[in-house]
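So the structure is just underneath, and the comments pick up after that.
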Amino acid sequence: MIENFYEYTHDLTEYELSLVPKFVAGFAGKNGKENAITNDTIIARLKERGVTVSSARVRKLINHIRNRGLIDGLLASSRGYFVSTDEEEINKYILSLQSREDAIRVVKEGFEAYLRRLKK
């Protein structure tokens with residue numbers, strides 16, 4: 001759970017956990033960028049099956065799957081989610097994650113400096 005974003009980042013519910021096997025099975029044929037599936041498409045396909053889930057909860061489900069190693073190489077791009085075994089593609093994704101982590105750190109450090117100024 002992320003502070004101030006509980007509505008979106010709270011732990012998966014039992015119902016959402018029951019969707020994990022469906023997600024894992026659904027990604028079985030999504031190898032390569034050309035087979036990427038967007039968050040909106042995932043939501044629409046689930047809705048066709050009577051399942052309602054928000055885009056934030058799809059991201060939370062993807063995070064759960066990644067954190068537990070249920071699908072190796074589950075990447076994301078502007079084209080959607082897909083599975084990759086391409087080392088160069090995976091390295092680029094790692095660099096993208098590092099860049100985002102660095103950007104967040106800079107913002108955090110700026111707020112820490114601001115807080116120190118407020119305390120003076």
Please round to the nearest 0.5 Å and tell me the distance separating atom OH of Tyr93 and atom OG of Ser84. 11.5 Å
Is there side-chain contact between Val58 and Ile62, with at least one heavy-atom pair below 4.5 Å? yes
State the CD-CD distance between Glu89 and Glu87, to the nearest 0.5 angstrom. 11.5 Å
What's the shortest heavy-atom distance between Val83 and Phe27, and which atoms? CG2-O, 3.9 Å
For residues Tyr81 and Asn39, determine if any side-chain heavy atom of one lies less than 4.5 Å from a side-chain heavy atom of the other. yes
side-chain contact (heavy atoms from CB on, under 4.5 Å) evaluation trace for Ile37 with Arg79: CA-CA 7 Å; Ile37 184 167; Arg79 297 171 79 177; over 6 Å; no
Just to verify, which of Arg68, Arg66, Lys60 counts as forming a side chain to side chain contact (heavy atoms under 4.5 Å, CB included) with His64? Arg68
Point-to-point distance, once rounded to the nearest 0.5 Å, from CZ of Arg117 to CG of Leu115: 9.5 Å
Applying side chain to side chain donor-acceptor pair (under 3.5 Å), run through Asn67 and Asn63 and close with a yes or a no. CA-CA 6 Å; Asn67 288 344; Asn63 182 269; 2.7 Å; yes
For the OG1 atom of Thr52 and the CG atom of Leu46, what is their distance to the nearest 0.5 Å? 9.0 Å
Residue pairs meeting side-chain hydrogen bond (donor to acceptor under 3.5 Å, both in side chains), one or both in residues 101-111, sequence neighbours left out, come to Gln98-Asp102, Glu101-Arg105, Asp102-Arg105, Lys108-Glu112
Check: Val51 and Tyr15 side chains under 4.5 Å, non-hydrogen atoms: yes
Mark yes when over 12 heavy atoms from residues, nucleotides or ligands other than Glu34 sit less than 6.0 Å from its CD; otherwise mark no. yes
In one Ile/Leu/Val/Met/Phe/Trp/Tyr side-chain cluster, 4.5 Å: Ile42, Phe82: no
Looking at every heavy atom in both Arg57 and Glu16, which two are closest together, and how far apart are they? NH2-OE1, 2.7 Å
According to a 4.5 Å side-chain heavy-atom criterion applied to Ile, Leu, Val, Met, Phe, Trp and Tyr, with indirect links allowed, do Val53 and Leu17 form part of one hydrophobic cluster? yes
Quick one: does Asn31's side chain get under 4.5 Å of Thr85's, heavy atoms only? no
Give, for atom CD1 of Ile65 and atom CG of Leu70, the distance between the pair rounded to the nearest 0.5 Å. 6.5 Å
How long is the straight-line distance from CG of Leu75 back to OG of Ser96, given to the nearest 0.5 Å? 10.0 Å
